[in-house]
Amino acid sequence: MEIYVDGSFVSKDDARVSVFDHGFLYGDGVFEGIRAYEGRIFRLKEHIDRLYQSAGALMLEIPVSPAEMAEVVREACARNGLHDAYIRLIVSRGPGDLGLDPRKCTEPTVVCIADRIALFPPETYEKGIRVGAVSTRRTPTESLNARIKSLNYLNSILAKIESNLAGHAEALMMTQEGYVAEGPGENIFIVRGGRLLTPPSHLGILEGITRAAIMDLARGRGIPLAEAVFTRHDVWTADEAFFCGTACEIMPITACDGRQIGDGRPGPVTRQLTADFRALVAREGVPIAAPAHADNQE
Ligand code: PMP
C-alpha cells in the first residue's frame, strides 16, 4: 500500500508522522472520508470543499491547493490499484511543542490513505440494524461546531462505547435538548406518512455529503422532504428510518430502543433511495487518474 505523506507517496511501513504533531497530541486537525465506486470518486469536489472549510474554521492553512489535493486523492487510488475505495484525507496542525498553541506549528501534515472500509456486516444492508439512543449528547454547536469535521471525535467515540456496551449495532445521538441529531458517524432520515425527514444542520450535526445526495434523490423522485426537528418518539413510531454516510452508505434502521420500526424490515422508500443512490454513484464522480509512475514510464 502506498500512502501520501507531506508531498510524496511512501509504503505503509514508512508512512509516519511526528509524536509532536498536534493532530496526535490534541486532535488538532481536519479530515474527510471519501468513497470511490467503480473507478469514480463520488462528490470529490464537495469533500475537498468541506475539508478546506473545516480547516478555515480552525485557521489551519492547508499547504496544497484544492486542485492539488484532488489530484492526490485520485493518485492515491490509482497507485494502489483501487476501483472501489474508501479514502481518508487528513490535515493536521503539524509538529509543534507540548503546549497547545497552534502558532508554534508551522508545517501542517497532509496524509492521504486509499483503502477499503466495511462498517457493518454485508447482510445488515438487507436486514437493517437495531440502534439505541445513548446518554452522550452531541457537543453543543457553541462549544464545537459539528460542521467542522475535526480530528477530535471523542464525542462520537464515547457514544460508540456506550452503544457497544448496550449491545446496539449503532448509537443514536441527541442534542442537549433531546432532539434527534445523528449517529456517531452517520446522518439520520426517517419516513413518516410518506414524508422524508432529517434533522436540520443548525441542530449541531455534520452536514453530510451523502445526506445532501439523498435529499437530491428524494427531490428528483418527488418524495416530500423536510429538514425538521424531531424526537426519539418520532423514530419509534416512524414508518421507516435509515442512517447514511460515506462509510455506511445507506443503512436501514429496523428498531430503535427496542421498538420495532414499521414492519421491522427495510421499507419501500429506503429501498428506492438505496437503488437510486447505487445508480447515482455509478454514473457520477471524477474518474481515478492513471498512476503517475506509469505515465512516467511511457
Ligand atoms: N455525521 C458525522 C458525525 C460523521 O462523522 C459523518 C461521516 N463523515 C456523517 C455524519 C456523514 O457524512 P458524509 O455523508 O459526508 O460522509
Side-chain angles (χ1 to χ4, degrees), residues 33 35 37 42-43 86 117-134 138 146 156 159-160 163 168-175 179-201 203 205-282:
R35 262 192 197 266
Y37 295 93
F42 185 63
R43 304 235 158 148
Y86 178 81
I117 198 168
L119 278 200
F120 297 104
E123 65 276 10
T124 55
Y125 286 85
E126 298 298 322
K127 293 199 305 213
I129 55 169
R130 302 170 69 86
V131 308
V134 292
R138 263 277 167 243
S156 288
K160 191 73 199 170
S163 137
H168 305 305
E170 187 57 293
L172 181 61
M173 298 184 75
M174 310 291 146
T175 65
Y179 298 121
V180 172
E182 58 184 336
E186 307 89 4
N187 292 116
I188 187 170
F189 283 84
I190 61 172
V191 180
R192 287 178 69 86
R195 282 174 83 214
L196 196 57
L197 303 176
T198 193
S201 66
L203 278 196
I205 59 164
L206 184 79
E207 276 188 320
I209 288 165
T210 318
R211 172 182 179 273
I214 288 166
M215 288 165 79
D216 289 347
L217 291 171
R219 286 188 199 101
R221 284 246 162 232
I223 300 169
L225 164 78
E227 289 182 75
V229 171
F230 55 87
T231 64
R232 267 198 308 168
H233 180 83
D234 298 302
V235 181
W236 297 344
T237 56
D239 303 316
E240 302 179 32
F242 60 89
F243 272 140
C244 70
T246 300
C248 86
E249 303 171 288
I250 297 177
M251 174 53 69
I253 299 172
T254 47
C256 178
D257 304 324
R259 278 75 161 179
Q260 177 178 302
I261 296 173
D263 66 1
R265 284 177 299 190
V269 177
T270 307
R271 281 189 275 113
Q272 181 67 65
L273 289 169
T274 302
D276 290 352
F277 184 72
R278 293 254 146 265
L280 180 72
V281 299

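The first residue of the sequence shown is numbered 1, and numbering continues consecutively from there.
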Under 3.5 Å donor-acceptor, [X] side chain and [Y] backbone:
{"X": "Asp239", "Y": "Gly267", "result": "no"}
{"X": "Asn187", "Y": "Gly208", "result": "yes"}
{"X": "Thr270", "Y": "Pro266", "result": "no"}

Completion exercise
What one should report as the nearest heavy-atom pair of Leu273 and Ile214 is CD1-CG2, 4.2 Å
Fill in the blank from the handout: Contacts of Arg211 meeting side chain to side chain donor-acceptor pair (under 3.5 Å) (sequence neighbours excluded), chain-then-number -> Glu227
Exercise for the section: Establish, yes or no, whether a centroid distance under 6.0 Å links the rings of Tyr125 and Phe242. Expected result: no
Practice task
Please check if atom CD in Glu126 has more than 12 non-hydrogen atoms from other residues, nucleotides or ligands closer than 6.0 Å.
Solution key: no
Handout entry: Neighbour count above 12 (heavy atom, 6.0 Å) for Arg265 CZ
Key = no
Fill in the blank from the handout: Interatomic distance, CD1@Ile190 vs CG@Leu197, rounded to 0.5 Å, equals 5.0 Å
With the side chain counted from C-beta on, respond yes when [X] and [Y] share a heavy-atom pair under 4.5 Å apart, and no when they do not.
{"X": "Tyr179", "Y": "Met174", "value": "no"}
{"X": "Arg130", "Y": "Ile253", "value": "no"}
{"X": "Leu206", "Y": "Glu182", "value": "yes"}
{"X": "Cys248", "Y": "Phe120", "value": "yes"}

Should the pair [X]-[Y] be classified as a salt bridge under the 4.0 Å nitrogen-to-oxygen rule?
{"X": "Arg232", "Y": "Asp257", "answer": "yes"}
{"X": "Arg43", "Y": "Asp216", "answer": "yes"}
{"X": "Arg278", "Y": "Glu249", "answer": "yes"}

Exercise for the section: Take Arg192 and Glu240 through the salt bridge (Lys or Arg N to Asp or Glu O under 4.0 Å) test and state the conclusion after the steps. Expected result: CA-CA 7 Å; Arg192 287 178 69 86; Glu240 302 179 32; over 6 Å; no
Practice task
Would you sort out whether Arg35 and Ile117 count as a side chain to side chain contact (heavy atoms under 4.5 Å, CB included), showing the intermediate values?
Solution key: CA-CA 9 Å; Arg35 262 192 197 266; Ile117 198 168; 3.4 Å; yes
Exercise for the section: Evaluate the criterion side chain to side chain contact (heavy atoms under 4.5 Å, CB included) for residue pair Ile188 and Ile205; output intermediate values, then yes/no. Expected result: CA-CA 10 Å; Ile188 187 170; Ile205 59 164; over 6 Å; no
Problem - Verdict with reasoning, Tyr37 to Phe42, per side chain to side chain contact (heavy atoms under 4.5 Å, CB included) - result: CA-CA 7 Å; Tyr37 295 93; Phe42 185 63; 4.1 Å; yes
Practice task
For side chain to side chain donor-acceptor pair (under 3.5 Å), just list the numbers for Ser156 and Arg138, CA-CA rounded to whole Å, side-chain angles, deciding distance to a tenth of an Å, and then say yes or no.
Solution key: CA-CA 8 Å; Ser156 288; Arg138 263 277 167 243; 3.2 Å; yes
Practice task
Check the pair Thr246 / Tyr86 against side chain to side chain contact (heavy atoms under 4.5 Å, CB included), numbers first and verdict last.
Solution key: CA-CA 8 Å; Thr246 300; Tyr86 178 81; 4.0 Å; yes
